Number of protein chains: 2
Amino acid sequence: MTDQPRPHHHGNLREALIVAGLELMEEGGPDALTLRKCAKRAGVSHAAPAHHFNGLPSLKAAIVARGYRMFAQTMRDYRAAAKSDPQAQLAAICDGYIAFSRQHMAVFKFMFQPHDLANETLDKTTATELKHESTASYQILQQACAPFAPEKTDPASMEIMIWSLVHGYAMLFCNPCENGLSPPQTIPDFSQILPKLKLKTNSARK
Amino acid sequence: MTDQPRPHHHGNLREALIVAGLELMEEGGPDALTLRKCAKRAGVSHAAPAHHFNGLPSLKAAIVARGYRMFAQTMRDYRAAAKSDPQAQLAAICDGYIAFSRQHMAVFKFMFQPHDLANETLDKTTATELKHESTASYQILQQACAPFAPEKTDPASMEIMIWSLVHGYAMLFCNPCENGLSPPQTIPDFSQILPKLKLKTNSARK
DNA sequence: CCTTTTATCTTGACACTGTCAAGATGGCTG
DNA sequence: CAGCCATCTTGACAGTGTCAAGATAAAAGG
């Protein structure tokens with residue numbers, strides 16, 4: 001009942017601002033993300049965020065980093081629930097990839113939307129956070145692709161092919177089908193597309 | 001010499017605003033695109049654009065539409081310079097796709113970045129323009145993919161697979177390799193990736 | 001030729017944004 | 001207890017999109 005509205009020290013403002021930003025984006029699209037609105041939603045003055053993020057781009061980067069964390073976790077969950085053979089593992093990760101893009105479309109769009117950030121204008125915490133979470137996500141995909149890289153070839157080639165495929169596919173659903181390169185009528189399920197690659201494990205013969 | 005600065009009637013303000021917007025975006029990134037700056041660059045008062053675009057989203061949509069036009073033209077040029085067999089035609093279109101994404105990276109990123117637009121807030125001219133140019137682009141890809149769709153299957157399946165692949169690949173280069181899902185070291189050329197699909201024409205046997 | 005209409009642009013204003021500077025608050029270390 | 005320092009507030013500024021009202025000039029109609 002002691003309703004002192006603001007204890008002056010929020011306690012965990014940085015975190016609160018990130019989740020406020022996520023909420024705002026899910027509710028009103030990317031342009032609804034605003035420093036002042038985040039501050040208000042966190043119950044804090046309009047200039048408070050400046051002490052945790054060196055500007056709006058840094059807050060955006062932190063949100064993207066948070067998105068990567070959720071993204072990686074989704075893929076891990078799907079992977080854990082699948083069989084252990086390489087095909088099933090890769091398919092599971094792709095399913096997780098696409099599932100995340102549907103469930104958290106706003107964040108997903110925002111994550112892979114090319115911002116002006118990534119410059120050196122980010123505060124160090126956010127920059128390292130972003131780097132860490134994004135490489136963690138990529139490594140999950142990388143591990144799943146490794147069994148399919150033909151011997152004597154750069155595994156990156158296979159990674160990029162699969163990554164391109166699933167990412168491009170996920171991106172197709174991000175536009176409301178009215179503008180942009182909207183595909184014709186119905187889009188086949190990804191489970192019908194991945195097998196077209198006819199992937200073979202490199203150690204299957206051994 | 002009769003330097004009357006503004007003839008009050010610009011003559012072709014809509015067009016001038018679009019190219020101004022394209023320039024601004026190439027120079028300073030997506031966030032540098034501003035109604036007022038476009039107006040100033042076109043030599044016009046800050047509220048003039050409102051008479052040609054019903055708000056900033058519409059101007060953005062018009063710029064995207066212009067991007068699609070250049071995009072389609074690039075693919076047509078590449079296609080025209082290639083051999084006439086289906087493999088070469090498809091490869092050429094993919095090369096054009098990727099070439100455009102490199103040469104006009106700012107616009108390319110902007111085109112495929114999910115905006116809040118596409119809503120019904122667009123003025124009719126811009127909306128139909130956008131729809132027209134984007135479907136024209138997709139049809140080019142569609143035609144090139146058609147020969148490879150296995151009979152008795154929905155050709156959309158093959159289109160989407162190839163589209164996903166080339167689009168995802170092109171997207172990989174849009175981030176300055178510091179943030180986002182940056183791939184490891186070196187990225188193989190797309191000419192090494194497309195053949196992995198081992199595409200066969202459906203009428204080759206006939 | 002003159003008048004009326006209409007498209008086009010200007011001016012001014014408003015609320016909102018990000019960002020900076022300066023001060024207030026309160027927990028922490030010494 | 002004193003002082004420090006991270007944290008937050010207040011106030012201000014330039015820049016933004018958007019709206020309303022008026023000015024301008026080209027076109028249309030007699």
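By convention in this document, chain letters (A, B, ...) are assigned in the order of the sequence lines, proteins followed by strands, and residues within each chain are numbered from 1. A quick note: this is a predicted structure, and the numbers were derived from the prediction, not measured.
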Task: Sugar-phosphate, base or nothing in reach of K37(A), heavy atoms under 4.0 Å - done: sugar-phosphate

Open item on the list: Under 4.0 Å, counting only non-hydrogen atoms across every strand here, what does A50(A) touch: a base, just sugar-phosphate, or nothing?
Closed with: nothing

Task: Whether S164(A) side chain and Y169(B) backbone form a donor-acceptor pair below 3.5 Å - done: yes

Open item on the list: Strictly distance-based, threshold 3.5 Å: is any side-chain N or O of S137(B) a donor or acceptor partner for the main-chain N or O of Y68(B)?
Closed with: yes

Nearest-Å distance, [atom1] ([X]) to [atom2] ([N])?
X      : N       : atom1 : atom2 : value
L56(B) : dC16(C) : CG    : C1'   : 14 Å
H46(B) : dT11(C) : NE2   : P     : 9 Å
H51(B) : dA20(D) : NE2   : P     : 12 Å
K60(B) : dG17(D) : NZ    : C1'   : 11 Å
H10(B) : dT10(C) : NE2   : C1'   : 15 Å
L35(A) : dG15(D) : CG    : P     : 19 Å
R14(A) : dC8(D)  : CZ    : P     : 13 Å
L24(A) : dG18(C) : CG    : C1'   : 16 Å

Open item on the list: Between H52(A) and dC8(D), is there a contact of a side-chain N or O with OP1 or OP2 at under 4.0 Å?
Closed with: yes

Open item on the list: What I want to check is whether an N or O donor and acceptor connect the side chain of R36(B) with the base of dG17(D) at under 3.5 Å.
Closed with: yes

Task: Under 3.5 Å side-chain donor-acceptor pair for Y97(B) and H167(B) - done: yes

Task: Residues T126(B) and D123(B): side-chain donor-acceptor under 3.5 angstrom - done: yes

